[in-house]
**Student:** 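The structure is given below, and queries will be raised subsequently.
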Amino acid sequence: MPASSSRRPAAEDAGTPDVPAVALRGITKRFPGVVANHDIDITVRRGTVHALVGENGAGKSTLMKILYGMQRPDEGTIEIDGRRVSFKGPAEAIACGIGMVHQHFMLADNLTVLENVVLGAEKAHGIGSRARRRIAELSETYGLNVRPDVLVEDIGVADRQRVEILKVLYRGARTLILDEPTAVLVPQEVDALFHNLRGLTAEGLTVLFISHKLGEVLSVADEITVIRRGTTVGSVLPADTNPKQLAELMVGSELPTPATRESTVTDEPMLTVSGLHLSGTDSDGLRREVLADIDFTIHRGEVLGIAGVEGNGQAELVEAVMGVRVPDGGTITLDGEEISGASTRRRREAGIGYVPEDRHRHGLLLDAPLWENRMLGHVTEAPNSRGPWLTAAAARADTRRIVEEYDVRTPGIEVTAGSLSGGNQQKLIVGREMSHRPKVLIAAHPTRGVDVGAQARIWDEIRRARHEGLAVLLISADLDELIGLSDSLRVMYRGRLVADADPATITPEELGTAMTGTASGHLTAEQGETGSDAGSDPASGAESGDSERPEGPEGGAR
Amino acid sequence: MALLLVAGALLLLSLVRVITDENSLTGTDQWVSAMTFAVPIGLAGLGGLWAERSGVINIGLEGMMMLGLFAAGWIGWQHGPWAAVAAGIVGGALGGLVHAVATVTFGVDHIVSGVAINILALGVVQFLAKQWFGGEGSEAAAAGGNDKQSPPMERIEPFSVPGLSDWLGDLADKHWFLVSDTAGIARALVHNVSWLTVLAVLLFVGTYLLLWRTSFGLRLRSCGENPQATESLGVNVYLYKYLALAVSGGLAGLGGAYLAVLIRMYQDGQTGGRGYLGLATMIFGNWRPGGVAAGAGLFGFMDALQTRGGGAVVHATLLLFALLLLGLSVWQYLRGRRVVAFALAGTAVLLWAWYAATDTMPLELVTASPYLTTLLVLTLFAQRLRVPRAVGKPYRRGQDS
Amino acid sequence: GESSTESNENENEGEKGPGIAFDVGGRDDHSFNESAATGADRAGEALGITPEFQTARNGETNADRVQRLTGLANAGYNPVIGVGYLYGDAIAEVAAEFPDTTFGVVDAAPEGENIYSMVFAEHEVSYLAGVAAALKSETGRVGFIGGVDNPLIQKFEAGFVQGVADTNPDVEVEVDYLYADDDRGFADPAKASEKANAMLGRDVDVIYTAAGSSGSGSIEQVAGVEGAWAIGVDSDQYQQPGLAEYQDSILTSGVKRVDVAVEDLITAVHNGEAPSGIHEYTLAENGVELATSGGFIDDIQDEIDAATERIVNGEITVASTP
Amino acid sequence: MTVGKPGFVAGRLNERQREKLILGVAAPLLALLTAMAITSLVMVVTGDNPFTAFSVMFDFGIKSDSQVWIINKAIPYYLSAVAVAIGFRMNLFNIGVDGQYRVAAFFAAVVGGALSLPGFVQIPVILLVAMVCGGIWAGIAGYLKATRGVSEVITTIMLNFIAGSLIAYFLQEGRLAEREGNIVHTPDIPGSSYFFEFATSVQPIHGTVLIAVLIGAAYWFVLTRTRFGFDLRAVGRSESAAEASGVSVTRTVVTAMLLSGAVAGLVGMPTLLNESGNYGNDFPEGLGFTGIAIALLGRNHAIGMGFAALLWAFLERTGTQLEFEGFDQEIVGVMQGVIVLSVVVAYELVRRWGVRRQQRLVGEKLAQARKSDNDQAEVSA
Ligand SMILES: Nc1ncnc2c1ncn2[C@@H]1O[C@H](COP(=O)(O)OP(=O)(O)OP(=O)(O)O)[C@@H](O)[C@H]1O
Ligand SMILES: Nc1ncnc2c1ncn2[C@@H]1O[C@H](COP(=O)(O)OP(=O)(O)OP(=O)(O)O)[C@@H](O)[C@H]1O
Ligand SMILES: [Mg+2]
Ligand SMILES: [Mg+2]
């Protein structure tokens with residue numbers, strides 16, 4: 001790391017290669033009713049990328065927050081470069097050379113990149129031109145390509161990720177914590193990020209890295225620590241393991257082996273979108289095209305996957321189909337009935353189910369009990385209401401059924417949706433939408449941030465319904481999921497469907513390349529099109545056909 | 001850009017002044033008086049800005065203003081007007097701190113707490129006024145105090161810049177198109193200026209510099225945009241919110257003190273909803289000091305116009321609005337929004353017809369003119385407003401959004 | 001449960017002296033409430049009884065006023081006097097329930113056997129104020145500022161305008177109100193001050209302000225201008241401690257002798273009488289008068305006396321609406 | 001607006017209800033005690049004896065005529081609170097109830113004074129006019145919010161002031177009003193148009209109390225038992241989620257404002273139909289602001305607001321009595337403020353405690369599940 005090293009604690013000089021950059025010993029953290037971390041031991045060598053893996057709620061984020069001074073451990077010690085430390089807040093951790101990129105972006109949208117970066121570290125280089133110079137310098141050194149004077153709200157996720165990293169570097173961090181940094185990135189962006197990380201470790205920095213994508217972890221980490229139910233179950237070297245072993249280590253039991261599936265596609269069109277156009281006003285007040293010439297048909301029993309880098313119009317497409325946004329032109333037909341002018345509610349009643357991308361903002365009423373959330377979006381349908389009257393008792397009973405069938409982990413249906421974990425929230429949403437036997441399901445990132453177990457259950461559900469004739473519009477940033485679940489694939493770029501591909505033959509890498517707008521027309525795999533259904537399980541692909549992810553019983557119907 | 005707008009406004013005013021022959025439109029006294037009305041509202045608005053920029057809605061401005069008014073009246077008659085100003089600030093700041101305790105420490109809904117503070121402040125102020133000013137045989141009562149008023153305090157003499165003021169005055173009296181108008185308005189800045197107005201202007205400028213040009217301001221504003229992010233960078237969000245609310249209350253209190261110094265005593269009910277109007281100017285001003293000043297200025301201008309001039313002058317503003325709408329209509333037309341443009345043009349014509357057909361306005365409409373104007377302007381521009389992202393959201397340390 | 005009236009009737013047989021209920025202005029409003037209080041105090045002193053004073057809260061309804069009056073009557077106060085026209089309906093309601101108590105009300109004229117209504121000829125004294133203003137004005141422009149545009153204040157306006165016109169038709173009168181219909185008009189000195197300032201700016205040099213507590217704002221502005229005069233209302237504002245430093249600018253005041261009316265009523269009741277009916281306190285019986293403190297109108301006293309004379313003997317009828 | 005109910009907890013029905021009840025009562029009780037403590041402190045500091053004051057208030061407050069008075073006084077407060085609460089339930093802050101009810105009562109009084117139909121026709125007509133006028137006045141704010149995105153906080157503040165001017169314009173002799181002494185008012189409504197009363201041993205209770213009860217019941221019913229109410233609450237809890245679920249947010253905003261305004265329109269009716277018979281310049285003002293306080297105190301709950309309205313009226317009734325005992329009635333203002341503030345703090349504390357408790361239960365449940373998973377895993381391993 002260049003010039004600014006002078007402000008860092010003396011640790012660097014004191015450090016010898018044997019002293020670990022971070023050593024966590026016996027860390028225990030209890031929350032009311034939960035032990036988030038229990039007797040955790042981790043040693044991180046300097047200049048390495050150290051990955052942490054574990055199920056949702058295993059305690060990874062909590063542990064990292066402890067290291068970053070945002071939470072205080074109930075027991076245990078932290079050593080940084082061999083020195084015992086005890087942080088009262090992030091400020092002290094930052095002073096010790098620790099920086100953290102959080103699971104959810106920690107950026108103020110209405111401030112510029114520069115302001116976001118210098119916030120809290122104004123003493124270093126002020127908030128003016130000196131800071132700008134320093135940012136340019138860092139951006140240059142690590143190839144981050146950050147423009148300091150744009151508003152954060154105007155930049156994409158990958159750029160935001162880089163801003164987050166820059167924030168950390170700006171503070172002169174020697175140890176970077178990255179909590180699920182790749183969840184929202186496409187493969188190319190992930191590669192670029194990993195390249196950056198490599199650059200950092202080459203400079204002698206240490207990276208702590210959390211991810212649910214085991215393939216990634218294996219490719220970037222120097223060492224991997226597995227956390228299960230709040231405690232460390234072991235550290236492995238990537239060379240000595242494979243994704244399957246790793247997953248089993250995480251979950252603590254053997255995973256069922258995956259099976260292939262048959263096609264259920266029929267020739268009965270269920271959802272037809274033709275000539276869809278949508279324009280919107282951007283932040284500069286200019287009108288620009290968001291969607292153009294969108295044409296596609298989804299048949300009964302078909303899953304149509306849309307691939308694309310986030311921000312290319314997928315969200316708007318979903319909103320247009322849901323009727324939340326009014327397109328400028330084009331028609332949408334559902335099972336023979338034109339619904340172009342129908343309201344969202346009408347569309348839902350006509351048989352469109354919706355698993356939204358952002359469950360907190362679009363899928364749930366966080367302050368409302370589960371059974372009220374069960375009504376959301378279907379309040380005009382049985383069992384939620386009869387005529388204008390709600391039928392709360394029936395809705396309650398049905399909620400209990402969903403909780404049971406979809407294995408939503410909750411003490412009851414009167415608790416608020418906000419107190420469930422993300423995975424359980426998602427299961428509730430999927431259960432709700434499936435309960436109304438939709439003709440078409442719009443699923444946007446249905447398994448984002450959800451752990452492997454819940455993920456498998458959700459995939460199962462989608463497959464089961466597809467088997468019964470459901471048409472699915474699937475949007476996902478997880479290319480394995482996309483390739484694995486879809487019967488056909490389209491690539492979206494700058495508001496247009498620019499290419500299509502056969503999920504049986506395409507690889508995630510090829511798809512990722514197409515998403516950057518370099519390809520058009522029908523994509524064919526170089527190695528030939530003889531792929532069978534065998535490769536199309538969501539969990540395969542990147543992890544070289546040897547699928548490691550759990551799969552529910554019905555998935556194996558062949 | 002801003003300069004262009006100011007120039008345009010001047011031109012428009014001069015034009016209307018010449019056409020309608022209402023010289024008071026650009027008269028010095030009108031503008032001095034506009035300032036007088038604008039300052040307390042503007043200070044409340046600025047107080048609102050501080051609070052909301054830090055992420056806390058402050059509907060309790062009215063109550064804080066009352067506290068300031070009372071404290072100023074109480075200290076003022078005993079220790080003079082400058083002490084009153086200080087007391088007003090302290091009184092308001094206390095109100096702000098109560099709001100901070102409720103919203104920041106206890107996480108109470110901001111609007112709920114604000115309303116409660118308004119009720120509480122009214123109760124406390126009236127109770128104490130009766131105890132302290134109206135007590136039978138008390139010193140205060142002997143000095144002219146009673147249940148509803150404090151005894152009078154000394155005056156703060158306004159100042160004029162000697163040569164400039166007269167020169168501009170001469171120029172203004174010539175009634176030359178634009179030149180005299182500009183002189184008349186400019187003279188308001190150097191003639192009979194209240195020191196407190198100067199203080200208020202400084203506070204606006206200071207707020208801008210502090211909030212947008214220093215790291216303190218950056219931290220404070222980021223508390224209103226994303227407190228979780230701010231906390232994660234080692235900034236003590238609670239502390240900043242407390243500070244912001246103390247300043248917010250202090251500014252509203254200063255607004256109250258300004259009124260007290262102006263009328264030279266505490267007068268029950270003198271705030272008369274100015275705190276709420278301050279809140280309105282803050283939204284109107286897009287949470288920026290310049291905007292708040294403009295909003296308060298517009299309000300003060302209209303209020304001064306109707307108070308000083310009555311029906312005839314307010315009537316002249318019909319023409320002002322007609323011209324303004326016409327301008328807007330042309331602009332919208334150029335941007336390709338025909339329907340909007342025609343609607344605006346239609347309204348302009350109607351206003352003009354109204355102007356031509358009458359020569360004064362009923363008192364009721366005149367008194368409502370500031371409110372109608374605010375409503376009109378907001379309706380035209382509201383969609384461009386940008387609220388601090390996290391404003392009104394409860395924030396607990398260490399909790400995800 | 002038991003009603004508050006029942007429980008108290010036995011305890012409070014004895015007469016307790018006067019009970020006075022004020023409207024929001026309160027007993028020291030520098031205006032007619034204060035005047036009523038003075039009258040009661042004077043009577044109290046003379047008769048050796050202590051009057052009870054109560055004041056309304058902001059935003060009261062008729063029910064609150066009824067309760068207050070009932071409370072006073074019930075506690076044995078006699079007479080019970082409501083000060084301010086808002087008490088009209090409430091007095092009528094409560095008086096029916098307490099036939100043995102005498103009720104008095106200022107500025108309203110409800111009907112009732114045991115109600116003594118005291119209304120004042122504000123227009124007449126305002127006429128005299130107009131005479132004084134017209135005579136004292138150097139610039140030929142005088143002004144009237146009303147707090148709220150309601151019938152009571154319009155009476156002041158009507159008399160004043162007529163007085164000016166009858167004295168010197170060349171003198172122009174500017175008439176303005178602070179608010180159309182909002183009681184803030186009686187508690188907004190800041191606004192009155194601006195209004196007066198604007199009038200002074202237009203060469204108005206005598207301003208008659210009928211706006212309750214807001215009046216002080218106007219008087220202060222007038223005091224800041226050499227040669228300009230303020231005319232007060234309701235009580236002799238020259239004498240008020242709160243306005244002491246502007247004394248030299250207070251030409252005169254249109255005084256309502258609420259004090260006399262109230263004192264008389266209390267004395268009468270104390271002497272066992274039970275006066276009732278509507279009584280208008282006019283110029284003729286010194287129910288209203290132009291204050292002379294400060295001696296600023298001594299030089300025009302003759303003209304004022306002449307005008308008074310003509311009003312009293314009916315030569316002039318002063319209009320009570322503008 | 002925090003609309004969350006004090007945390008209720010899963011479990012058997014009666015247990016849940018009991019806990020809900022305890023939590024529901026604990027907060028206001030705690031707050032009331034805090035408020036009394038703070039007020040006592042203020043009184044002690046200013047040299048008064050708080051215990052005497054409280055006992056005076058209590059003794060006077062339970063008298064039969066006081067009770068009637070309190071009920072009558074609480075009627076408009078309650079209606080006003082419901083009007084405010086309809087907005088609160090969907091995150092709309094209707095500060096404009098004040099203007100709405102005044103405009104409504106004024107025009108209702110004008111219509112009532114102009115017609116002389118039989119009472120059973122005319123009273124509904126008057127009520128309807130009031131609701132329509134209140135609805136329109138609030139609808140302006142709703143419309144501007146929905147179409148132009150103007151904050152309803154500002155528009156309703158402005159509309160309050162404008163309402164005053166509008167009424168002032170028409171409330172003049174020769175326009176829509178007549179003059180009686182120093183009062184100008186609309187022509188009196190005919191005797192047959194007065195609302196009925198319930199006779200008691202002391203003064204009668206106003207029949208309009210029925211309107212309040214009906215409105216309260218309708219409020220509760222519509223919000224909790226109908227689809228429309230669900231949509232409304234959904235928008236209040238999360239606009240984005242409601243939109244995605246098929247609720248038209250703009251339409252709901254306008255509808256809610258219209259409803260709020262319509263209820264606000266009724267606020268002046270108890271005064272008009274049971275007391276004054278006309279709208280004059282002595283018509284009560286400021287009931288809208290009282291309504292905000294009462295909605296807050298009652299947590300937007302149909303019954304809670306009822307108690308809050310009665311408490312408010314009780315304080316006013318007994319405050320006046322304090323004067324007779326040599327206390328300052330202004331202490332009531334302090335008390336009201338302190339009560340509102342401590343109630344909201346107490347509710348928040350209790351709510352937070354409930355949420356924590358709930359999360360603990362969720363956590364325990366998860367831990368249990370994991371434990372059984374573990375056991376299984378160990379068995380299978
Ligand atoms: N602030 C908190 N209060 C109470 N419990 C908490 C808190 N934060 C986390 N927990 C508990 O600690 C557990 C560990 O949470 P943590 O966020 O560390 O999981 P994670 O491993 O990061 O999961 P994911 O992979 O989903 O991000 C959670 O299951 C939760 O029950
Ligand atoms: N601030 C908090 N206070 C109390 N409990 C919390 C808090 N934050 C989280 N929890 C608890 O943590 C649990 C899950 O939290 P979190 O959202 O981190 O779960 P997760 O397993 O990481 O879910 P996701 O799949 O969304 O990553 C919930 O049961 C919740 O009760
Ligand atoms: Mg998580
Ligand atoms: Mg995590």
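Basis for what follows: all heavy atoms, side chains included, without hydrogens, waters or symmetry-related copies. Numbers restart at 1 for each chain; the letters A, B, ... are given by sequence-line order, proteins then strands.
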**Student:** Measure the shortest side-chain to side-chain distance between Thr61(C) and Thr271(D) over non-hydrogen atoms and say whether it is less than 4.5 angstrom.
**Tutor:** no

**Student:** About how many Å separate CG of Asp282(D) and CG of Asn150(C), when rounded to the nearest 0.5 Å?
**Tutor:** 11.0 Å

**Student:** Is it the backbone or the side chain of Gln54(C) that comes under 4.5 Å from a heavy atom of chain D, or both, or neither?
**Tutor:** both

**Student:** Which value, rounded to the nearest 0.5 Å, describes the distance between Asp89(C) atom CG and Asn278(D) atom CG?
**Tutor:** 8.0 Å

**Student:** Would you give the length of the straight line joining atom CD of Gln329(D) to atom CG of Asp64(C), rounded to the nearest 0.5 angstrom?
**Tutor:** 9.5 Å

**Student:** Top residue by heavy-atom pair count (under 4.5 Å) with chain C, among Thr290(D), Asp59(D), Asn182(D)?
**Tutor:** Asn182(D)

**Student:** Looking at Phe58(D), I'd like to know if its CZ atom is crowded, meaning that more than 12 non-hydrogen atoms belonging to other residues, nucleotides or ligands lie closer than 6.0 Å.
**Tutor:** no

**Student:** Please rank Thr55(C), Val119(C), Val148(C) by heavy-atom pairs under 4.5 Å with chain D and give me the top one.
**Tutor:** Thr55(C)

**Student:** Roughly how far, to the nearest 0.5 Å, is the CD atom of Gln203(D) from the CD atom of Glu93(C)?
**Tutor:** 8.5 Å

**Student:** Which atoms of Phe283(D) are under 4.5 Å from chain C, going by heavy atoms: the side chain, the backbone, both sets, or neither?
**Tutor:** neither

**Student:** What part of Thr320(D) lies closer than 4.5 angstrom to a heavy atom of chain C: side chain, backbone, both or neither?
**Tutor:** both

**Student:** Pick whichever of Arg317(D), Arg179(D), Glu323(D) has the most heavy-atom pairs under 4.5 Å with chain C.
**Tutor:** Arg317(D)

**Student:** Between the main-chain N or O of Ser276(D) and the side-chain N or O of Asn62(C), is there a donor-acceptor pair closer than 3.5 Å?
**Tutor:** no

**Student:** Answer with side chain, backbone, both or neither: which region of Ala180(C) has an atom nearer than 4.5 Å to a non-hydrogen atom of chain D?
**Tutor:** both

**Student:** Under a 4.5 Å cutoff for heavy-atom pairs, which residue among Leu72(C), Ile153(C), Asp149(C), Leu86(C) has the most contacts with chain D?
**Tutor:** Leu72(C)

**Student:** So which atom in Gln67(C) and which in Phe60(D) form the shortest heavy-atom distance, rounded to 0.1 Å?
**Tutor:** NE2-CE2, 3.6 Å

**Student:** For Phe307(D), does the CZ atom have more than 12 heavy-atom neighbours from other residues, nucleotides or ligands under 6.0 Å away?
**Tutor:** no

**Student:** Using a cut-off of under 4.5 Å on heavy-atom pairs, state which of Glu330(D), Gln172(D), Lys73(D) scores highest against chain C.
**Tutor:** Lys73(D)

**Student:** Which one wins on heavy-atom pair count under 4.5 Å against chain D: Ala108(C), Pro151(C), Ser320(C)?
**Tutor:** Pro151(C)

**Student:** Using non-hydrogen atoms and a 4.5 Å limit, figure out which bit of Phe53(C) sits close to chain D: side chain, backbone, both or neither.
**Tutor:** backbone

**Student:** Highest number of heavy-atom pairs under 4.5 Å with chain C: which of Glu275(D), Glu173(D), Glu180(D), Glu316(D)?
**Tutor:** Glu316(D)

**Student:** If you compare all heavy atoms of Phe324(D) against all heavy atoms of Gly71(C), which two are closest, and at what distance to 0.1 Å?
**Tutor:** CZ-C, 3.3 Å

